[in-house]
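For reference, the structure discussed in these notes is given below.
For the numbers below, each heavy atom of this structure counts, side chains included, while hydrogens, waters and symmetry mates do not.
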Amino acid sequence: MARDMDRRTFLTAAGGAAVTTSMTAGCISGLVGEDGNDNGGEGGTLTYGRGAASDTLDPQGSTSGEVAKVTNQVYDALIGFEPGGSALVKSLATSFELDGTTATLELREDATFHNGDDFTADDFIATYRRFLDEEYEYYFEDGSIYGPYLLGSVEDVTAEDDYTLTFEISKRYAPFLANLAAFALVVLPKSEIESGTDFSTTMVGTSAFQFENLDEGSGRIRLSGYDDYYGEGPHVDEVVFEVVSENSTRASSLNAGELDIIDGLDPQSVQQVQNGEGEVERIAGMNVGYMAMNIAEFEPFQDKRVRQAMNYAVNTEELANSIYQGIATQASQPIPDSIMGYNEDLDPYPHDPDQAQSLLEEAGYGDGFEMELATFQNPRAYNPSPVQAAETVQSYLEDIGLSVTINQQTWESYLEYTSQGEHDACFLGWMTDNGDPDNFYYALLHPQVDAPEDQDWVSWDTEGYNTSNRAAWANNEFMGLVEDGQTTYDDDERESVYQEAGAIFHEECPWVPLVHTEELRARGSNVDNYVVELIGGPFLNQVELS
């Protein structure tokens with residue numbers, strides 16, 4: 001795969017991936033991937049610079065990609081993603097098949113944990129029970145929403161023998177195999193679970209790198225190569241994750257040879273790298289950046305006309321060109337055009353302040369209102385300049401008579417603040433976990449609880465509410481379509497369902513969808529075989545230093 005992949009090349013590759021993971025009625029299987037066992041290479045220390053630290057090392061305790069980029073180096077899931085693509089590939093499972101409501105996985109027999117334990121089916125079952133089984137003595141009470149979201153359909157999982165797993169799920173559920181590849185479902189060793197290991201501060205997996213230490217003061221995490229890894233690599237002796245919050249400083253450090261790979265690039269730091277010694281890698285991302293409106297808590301947003309006015313007010317075309325400077329395209333719906341179900345008939349709302357003000361007047365808010373726009377300080381792939389973007393949106397909204405206060409917070413405190421529904425409106429974004437439309441529509445816009453028929457929101461304190469739905473939106477027609485999408489295995493039928501769901505989203509406006517951004521990374525000229533990841537990864541086990 002080319003390093004500087006242009007958009008057409010990317011779409012061709014993504015289309016190929018879709019064939020590999022295509023679903024036929026009642027049966028889904030995957031057999032992609034090659035074993036490597038090439039543990040050679042020149043060695044050395046690979047330094048990876050990022051904008052924020054991990055708040056935990058426990059993959060079951062976070063939804064953050066910042067956590068995943070580290071834990072993915074140490075842990076393996078049953079199924080993996082193709083580096084740079086979205087096809088499902090072998091990982092701890094060597095074959096996998098979904099037939100109706102039964103999934104069967106054959107597991108590899110040559111994987112060992114970093115503590116010396118052999119990997120078997122019982123390790124996954126213990127991992128599953130830690131995440132979901134409240135009767136299990138070692139149940140993780142602080143587990144993230146990924147447990148019920150990704151595995152909530154499982155009624156039973158059994159080990160037919162040490163290397164065969166069978167899942168019985170409650171209904172036909174098209175994303176199930178892709179869900180098993182998500183970072184939160186990596187496999188922990190049963191022995192460590194049942195001996196009380198604190199996975200928030202240490203990691204014991206089966207992958208190419210093993211945990212060495214965490215410097216809590218600096219956020220630095222050091223990993224070393226695992227000699228008995230069953231797969232390809234590693235080709236370096238160790239990986240060090242360094243936290244450098246300023247984009248420009250990360251770029252300068254890369255140019256100075258102090259960092260080998262960096263992420264979280266904004267347009268300015270891209271230019272810095274291009275003017276220096278590094279190389280910029282870019283591919284179209286499977287992500288969305290958006291502004292969610294808190295419908296349940298902020299009364300003006302309970303009127304659809306106000307939400308539509310917000311969409312007319314924000315000039316997403318100018319935002320993409322000025323703030324993102326060509327690294328993003330306008331969004332009209334939650335999914336980018338590389339995801340099944342993208343609706344070509346939906347255009348971004350045009351920038352029309354007059355229409356926005358008319359809608360506000362119709363809704364009884366002609367004199368405007370005061371509101372808070374919450375944002376995060378640290379760069380994310382879908383929003384590399386969040387504060388600057390917030391200031392720009394603030395100016396658009398003030399143009400239609402709103403008084404907007406920007407509330408900036410650090411990433412982790414921001415996630416807690418918005419997940420408790422304390423915002424009026426907030427910036428967020430999503431990088432897909434599995435390349436499936438369900439991972440956007442159900443994860444971000446379905447409340448996952450019953451909703452009243454006479455209103456289109458649910459209260460944040462509703463038991464079981466999906467707090468990733470930062471808009472608290474609950475449209476029953478939309479919810480029904482998304483549920484249909486889960487139970488349909490025919491690709492054409494699924495595509496139609498999600499196109500219809502996208503049209504409802506576009507009309508109802510729980511968000512202002514902002515942009516889909518490219519995935520941008522920069523590497524030193526000494527870094528070889530690095531492929532920008534779309535899902536999973538980064539695949540540092542492949543990287544060599546020259």
Side-chain angles (χ1 to χ4, degrees), residues 11-32 79 81 85-88 96-104 149-155 167-182 286 288 331-347 430 432-448 451 466 469 473-508 510 513 516 535:
L11 291 172
T12 301
V19 171
T20 304
T21 59
S22 66
M23 301 167 184
T24 56
C27 181
I28 303 171
S29 63
L31 291 171
V32 185
I79 301 172
F81 291 107
S86 59
L88 300 182
F96 36 91
E97 180 177 272
L98 175 61
D99 188 356
T101 58
T102 300
T104 305
Y149 167 57
L150 297 171
L151 293 173
S153 63
V154 175
E155 290 189 329
F167 294 84
E168 296 296 339
I169 56 179
S170 58
K171 61 180 182 180
R172 293 165 60 86
Y173 182 54
F176 183 70
L177 293 178
N179 280 1
L180 291 179
M286 288 183 169
V288 63
S332 63
Q333 53 201 288
I335 56 175
D337 59 7
S338 54
I339 299 277
M340 173 199 294
Y342 182 81
N343 191 330
E344 299 279 359
D345 295 331
L346 302 178
D347 293 323
W430 189 256
T432 183
D433 296 300
N434 61 13
D436 193 280
D438 181 74
N439 189 239
F440 291 82
Y441 281 107
Y442 189 72
L444 304 178
L445 289 158
H446 193 300
Q448 301 178 22
N466 166 31
N469 181 352
W473 187 48
N475 179 293
N476 277 284
E477 185 181 3
F478 172 91
M479 291 160 59
L481 286 166
V482 172
E483 291 162 13
D484 288 346
Q486 290 183 335
T487 58
T488 302
Y489 287 180
D490 182 88
D491 282 356
D492 290 339
E493 290 181 23
R494 289 194 85 208
E495 183 167 23
S496 236
V497 163
Y498 288 111
Q499 287 173 344
E500 192 173 347
I504 294 173
F505 166 90
H506 191 267
E507 167 68 19
E508 296 295 323
H516 306 294
I535 317 173

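Nearest heavy-atom pair, G435 versus I339, reported as atom, atom and distance to 0.1 Å: O-CD1, 3.6 Å. Residue A174 comes nearest to G485 through the heavy atom pair CB-O, 4.2 Å, listed as atom of the first residue, atom of the second, then distance. Contact between N469 and P447 at its shortest, heavy atoms only, is ND2-N, 3.7 Å. Between D345 and N343, the closest heavy-atom pair is N-OD1, 2.9 Å. Shown here for A331 and H516, the closest heavy-atom pair between the two residues is CB-NE2, 3.5 Å. Here the shortest heavy-atom pairing between A103 and L177 reads CB-CD2, 4.5 Å.
At a threshold of 4.5 Å between non-hydrogen side-chain atoms, the residues L98 and I169 count as touching. Within the 4.5 Å cutoff, side-chain heavy atoms of T432 are placed close to those of N434. Between D438 and H446, every side-chain heavy-atom pair lies at or beyond the 4.5 Å cut-off. Contact annotation: the side chain of F81 approaches that of L88 to within less than 4.5 Å [non-hydrogen atoms, C-beta and beyond]. By the 4.5 Å heavy-atom criterion applied to side chains, L180 and F96 are not counted as neighbours. Counting heavy atoms from C-beta outward, I535 and D433 have side chains that stay 4.5 Å or more apart.
When each of Y441, W430, Y498 is tested with P334 by the rule side chain to side chain contact (heavy atoms under 4.5 Å, CB included), just one qualifies, namely Y441. Results of the side chain to side chain contact (heavy atoms under 4.5 Å, CB included) test with P437 over M340, Q499, E495 single out M340 as the only residue that passes.
Between the CG atom in D337 and the CE atom in M286 there is a gap of 9.5 Å [rounded to 0.5 Å]. Remark: K171 NZ to T101 OG1 distance equals 12.5 Å, nearest 0.5 Å. Rounding to the nearest 0.5 Å places OG1 of T102 at 10.0 Å from CD of E97. Taking CG of N439 as the reference point, atom CD1 of I335 lies at 11.0 Å (rounded to 0.5 Å). D491 contributes atom CG, which lies 12.0 Å from atom OG of S496 (distance to the nearest 0.5 angstrom).
Between the side chain of E500 and the backbone N or O of L481 there is no donor-acceptor pair closer than 3.5 Å. Listed for the N179 side chain is no donor-acceptor partner under 3.5 Å among the backbone atoms of L151. Under the 3.5 Å distance criterion, the side-chain polar atoms of Y489 are matched with a main-chain donor or acceptor of Y173.
With sequence neighbours excluded, the residues satisfying side chain to side chain contact (heavy atoms under 4.5 Å, CB included) with S332 are Y342, L346, P348.
Using bins of under 30°, 30° to 60° and over 60° for the plane-to-plane angle, the ring pair W473/F505 lands in the perpendicular bin. Y442 and Y149 have parallel rings, their planes meeting at less than 30° on a 0 to 90° scale where 60° marks the start of perpendicular.
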